[in-house]
Amino acid sequence: LLDEDDKPVRYQIVGQAEADAKIGRISYNSPLGRALIGRRVEDEVEVTVPAGDKYYLVKQIEFI
């Protein structure tokens, strides 16, 4: 993903038991995880998180 400042960020969507945001593993049930499910490359994503509204651009999707 690219964040609002065009800075690359990378997340792996996992189950709740494996989630650890500090290392980039977010739960499929988190606000960002839910917002990313079903997205495609070049989709813009807006998500409301506890820190406020965040905007991302999907640049790459990998299935691992």
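Fair warning: this is a prediction, and the values are worked out from it, not measured in the lab.
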A.B. asks: Distance-only check: which donor-acceptor pairs under 3.5 Å involve side-chain atoms of residues 57-64, not counting sequence neighbours?
C.D. replies:
residue: Lys59; atom: NZ; partner: Glu42; partner atom: OE2; Å: 2.9
residue: Gln60; atom: NE2; partner: Glu62; partner atom: OE2; Å: 3.0
residue: Glu62; atom: OE1; partner: Arg10; partner atom: NH2; Å: 3.3
residue: Glu62; atom: OE2; partner: Arg10; partner atom: NH2; Å: 3.3

A.B. asks: Just wondering, are more than 12 heavy atoms of other shown residues or ligands nearer than 6.0 Å to CD in Glu44?
C.D. replies: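 No, CD of Glu44 has 12 or fewer neighbouring heavy atoms, counting only those of other groups under 6.0 Å.
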
A.B. asks: Apply side-chain contact (heavy atoms from CB on, under 4.5 Å) to residues Tyr55 and Asp3 and explain how you reach the verdict.
C.D. replies: CA-CA 6 Å; Tyr55 301 91; Asp3 68 8; over 6 Å; no

A.B. asks: Donor-acceptor pairs under 3.5 angstrom involving side-chain atoms of residues 18-29: please list them, not counting sequence neighbours.
C.D. replies:
residue: Glu18; atom: OE1; partner: Gly15; partner atom: N; Å: 3.0
residue: Asp20; atom: OD1; partner: Lys22; partner atom: N; Å: 3.2
residue: Ser27; atom: OG; partner: Asn29; partner atom: N; Å: 3.0

A.B. asks: Consider only side-chain heavy atoms of I, L, V, M, F, W and Y, link residues closer than 4.5 Å, and tell whether Val14 and Tyr11 are in one cluster.
C.D. replies: no

A.B. asks: Please test Tyr56 against Leu2 for side-chain contact (heavy atoms from CB on, under 4.5 Å), starting from the C-alpha separation and ending with a verdict.
C.D. replies: CA-CA 5 Å; Tyr56 297 97; Leu2 290 179; over 6 Å; no

A.B. asks: Find out whether Lys54 and Leu32 are in side-chain contact, i.e. whether some heavy atom of one side chain is under 4.5 Å from a heavy atom of the other.
C.D. replies: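 Not in contact.
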
A.B. asks: Output all residues satisfying side chain to side chain donor-acceptor pair (under 3.5 Å) with Asp5, sequence neighbours left out; order by chain, then residue number.
C.D. replies: none

A.B. asks: So do Val45 and Leu36 actually touch side chain to side chain, heavy atoms under 4.5 Å?
C.D. replies: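 Yes - at least one pair of side-chain heavy atoms lies under 4.5 Å apart.
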
